[in-house]
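Note on naming: letters A, B, ... go to the chains in the order of the sequence lines (proteins, then strands), and numbering restarts at 1 for each one.
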2 protein chains.
Amino acid sequence: MRDVKRVTMEDVAREAGVSRALVSIAYRDAAGVSAATRARILAIGERLGYAPDQVAARLAGVGGRTVGVFIQDLHNDVFADVFDGVRAVVEPARKSLVMAVGTLDGRGDAAALDTLRRSRVDVIVGVGLQLPDVAVQAVSRHVPVVAVARDIPSVDAVITDNEAGARAAVEHLAGLGHRRIAFLANPPGDGYGGRGSGYAAAMRAAGLAPRVASSSYLRAQAAIDAAALLDGPEPPTAIFAHNDQAAFGVLDAAHDRGLVPGVDVSVVGYDNSSMSRAPGTALTTVDLHGAELGRAAAELAAERVSRPDAERLTRTSAPTLIVRGTTGPAPS
Amino acid sequence: MRDVKRVTMEDVAREAGVSRALVSIAYRDAAGVSAATRARILAIGERLGYAPDQVAARLAGVGGRTVGVFIQDLHNDVFADVFDGVRAVVEPARKSLVMAVGTLDGRGDAAALDTLRRSRVDVIVGVGLQLPDVAVQAVSRHVPVVAVARDIPSVDAVITDNEAGARAAVEHLAGLGHRRIAFLANPPGDGYGGRGSGYAAAMRAAGLAPRVASSSYLRAQAAIDAAALLDGPEPPTAIFAHNDQAAFGVLDAAHDRGLVPGVDVSVVGYDNSSMSRAPGTALTTVDLHGAELGRAAAELAAERVSRPDAERLTRTSAPTLIVRGTTGPAPS
DNA sequence: TTGTACGCGTTATCAA
DNA sequence: TTGATAACGCGTACAA
């Protein structure tokens with residue numbers, strides 16, 4: 001049923017009557033073999049069911065051809081967008097991609113990064129890193145890291161302007177006449193602090209009083225925290241959540257209270273995840289432009305590999321507000 | 001800024017005044033080293049910033065410790081559920097996981113599987129495989145494959161009872177008084193044919209005439225196909241879509257026409273993806289129990305590795321209907 | 001505990 | 001140019 005033995009390059013070489021080195025050259029499309037011989041070698045390899053062993057190749061090779069991608073959570077659609085962007089750059093360059101997935105609570109992140117480091121990747125693109133700055137910096141001493149949407153001193157990064165995104169959200173809501181606009185905050189120190197500070201700055205600029213409720217990434221927790229706001233004194237007429245997941249929690253809480261989003265209470269998320277586009281939800285949100293971030297990160301990664309000693313590399317991306325159905329005029 | 005040279009096991013051995021073999025033993029927690037020496041070796045390794053190279057280990061090791069996971073599409077939440085299940089089994093067993101991601105149109109699937117094969121994985125768990133049976137069988141001649149939610153002759157599989165899921169959906173709708181229940185079909189030959197046949201059987205059993213509209217995985221296409229149904233003669237009062245993505249397309253079409261889901265038209269999806277749980281959407285759907293499928297697949301994978309010549313291994317899982325807000329009594 | 005033969009390609013270095 | 005030879009990468013496993 002299954003091949004008992006693995007077919008190796010040696011097998012192909014013997015069958016073709018050439019050296020192993022020549023087979024290697026042929027398979028890598030490298031210079032040093034005549035077209036005719038190359039074709040013959042590949043044909044024989046095909047017939048034998050041979051495929052070069054990537055593990056051996058990675059061990060023997062010169063390096064610089066493997067990109068590691070850390071993804072915080074496969075359930076978050078935004079990360080998938082970023083991954084698509086990374087792939088769009090890495091695959092055409094014929095480099096290989098190694099993935100490692102963290103855990104939602106961040107506890108598995110260090111292990112996942114360690115896996116990448118030990119997998120001989122030449123550079124790591126970190127998507128949704130939740131580790132403290134120092135932990136990321138520690139990893140980057142062994143393997144260069146390009147952080148996506150997170151600004152860590154001395155670590156290459158594709159930075160997204162969280163302040164601008166938050167400002168756009170607040171200005172949108174203020175323009176609709178909302179005055180009691182609350183912010184459902186992300187965990188402190190997660191690198192998205194700009195969303196909170198941008199919110200606060202925009203509120204003050206609009207002559208409004210910031211009102212921040214701490215919360216978490218978990219939708220259920222966000223629902224609880226939003227409920228506290230909505231049931232408290234002087235409930236906000238609009239809630240800006242630090243990301244879409246949390247915004248869904250807010251919508252859950254609103255729904256429980258019979259409040260119609262966009263009418264009784266306005267809700268803005270952050271990320272433009274696919275769930276925010278769900279029919280019936282139509283969440284107004286800030287688009288992170290994930291694929292673009294991913295492409296930029298992959299480009300920075302390539303640059304870092306070719307110039308290991310370059311100064312810190314960064315690129316900046318600007319989010320844009322997407323108005324959908326969960327925001328509307330402030331109730332009078 | 002970064003370590004210029006990679007620290008190897010040899011470096012640690014020299015520093016500790018022992019052999020490389022002993023360092024290897026110490027790091028693998030294997031028998032053959034005294035506790036004191038082991039601690040000393042690990043301490044020195046720590047100080048030197050050493051981490052065992054997994055690539056070299058995989059090349060040298062005996063095998064049977066690496067599981068490959070093919071995932072069709074990172075944007076589909078159900079696959080993430082399955083992945084979680086796989087991981088829940090693989091990680092505690094201290095095996096390593098290698099991932100490869102396909103493409104939505106299925107064109108990249110062969111390449112992704114090939115990547116896994118060449119990565120020396122001992123077994124592949126295939127999630128969302130769209131390749132033809134023969135292509136999967138071809139891969140499985142080199143590396144055993146465990147297919148998730150797909151039934152391919154001679155390939156190990158965790159099978160989900162699509163017929164039962166479809167039947168539950170139809171019976172639910174028929175019980176609500178619907179008589180014109182249409183099925184928005186998946187592409188033929190994708191392995192989920194049971195949803196269509198289960199639908200047809202359940203319809204006939206209920207004394208109703210099956211009505212199948214062909215469609216695709218794409219939400220936009222599903223919207224077009226659903227629109228044709230809704231605008232046509234004798235429009236269905238209920239539409240059962242082959243998966244959640246397509247069901248969202250149906251909801252889009254309904255929304256465009258001012259039809260309220262659950263009131264004017266009932267909609268049932270399949271998968272119980274996270275989007276189906278979105279507030280305001282609340283899609284009635286068939287729960288695939290992704291994490292359970294993933295766990296079962298990982299268990300089968302382990303069994304296959306330990307018994308390479310065993311007969312075909314299969315396990316069956318039963319989906320369950322989850323009634324939410326998009327289904328309601330048939331309009332009179 | 002140690003020596004040492006692998007595992008499977010890649011990449012100089014060298015010869016024709 | 002076309003090709004061969006041999007060292008190398010970094011651990012693992014087994015005999016000594």
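To the nearest angstrom, P of dG7(C) lies 12 Å from CG of D53(A). Atom-to-atom, CD of Q54(A) to C1' of dG7(C) comes out at 16 Å; the value is rounded to the nearest Å.
Tested against Q130(B), the residues R150(B), Q72(B), R107(B) include a single side-chain hydrogen bond (donor to acceptor under 3.5 Å, both in side chains) partner, Q72(B).
A close approach under 4.0 Å does occur between a side-chain nitrogen or oxygen of R28(A) and OP1 or OP2 of dT10(C). For S24(A), no side-chain nitrogen or oxygen approaches OP1 or OP2 of dG9(C) to under 4.0 Å. Phosphate proximity of dC8(C) to R120(B): present, with a side-chain N or O under 4.0 Å from OP1 or OP2. Contact between the side-chain N/O atoms of Y27(A) and the OP1/OP2 oxygens of dC8(C) is not found at any separation under 4.0 Å.
Here the closest non-hydrogen pair linking A100(B) and A112(B) is CB-O, 3.6 Å. Taking every heavy atom of both residues into account, L313(B) and R307(B) meet most closely at CD2-NH2, 4.4 Å. F70(A) and L116(A) get closest at one heavy-atom pair: N-CD1, 3.8 Å.
A salt bridge links R312(B) to D151(B): one of the charged nitrogens lies within less than 4.0 Å of a carboxylate oxygen. In this structure, D29(A) pairs ionically with R38(A), as a charged nitrogen and a carboxylate oxygen lie closer than 4.0 Å. Salt bridge annotation for E299(B)-R295(B): absent, with no cationic side-chain nitrogen under 4.0 angstrom from a carboxylate oxygen.
Taking every nucleotide of DNA chain D with any atom under 4.0 Å from a non-hydrogen atom of chain A, the first and last of them, 5' to 3', are dT2(D) to dC10(D).
Among the protein residues, V62(B) comes within range of the sugar-phosphate backbone only, with heavy atoms under 4.0 Å from sugar or phosphate atoms but none that close to a base.
R118(A) has its side chain out of reach of D53(B): every pair of non-hydrogen atoms, C-beta onward, lies at least 4.5 Å apart.
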Short N/O separations, protein against nucleotides 2-4 of chain C, under 3.5 angstrom:
{"from": "dT2(C)", "atom 1": "OP2", "to": "S19(B)", "atom 2": "N", "distance (Å)": "3.0"}
{"from": "dT2(C)", "atom 1": "OP2", "to": "S19(B)", "atom 2": "OG", "distance (Å)": "3.1"}

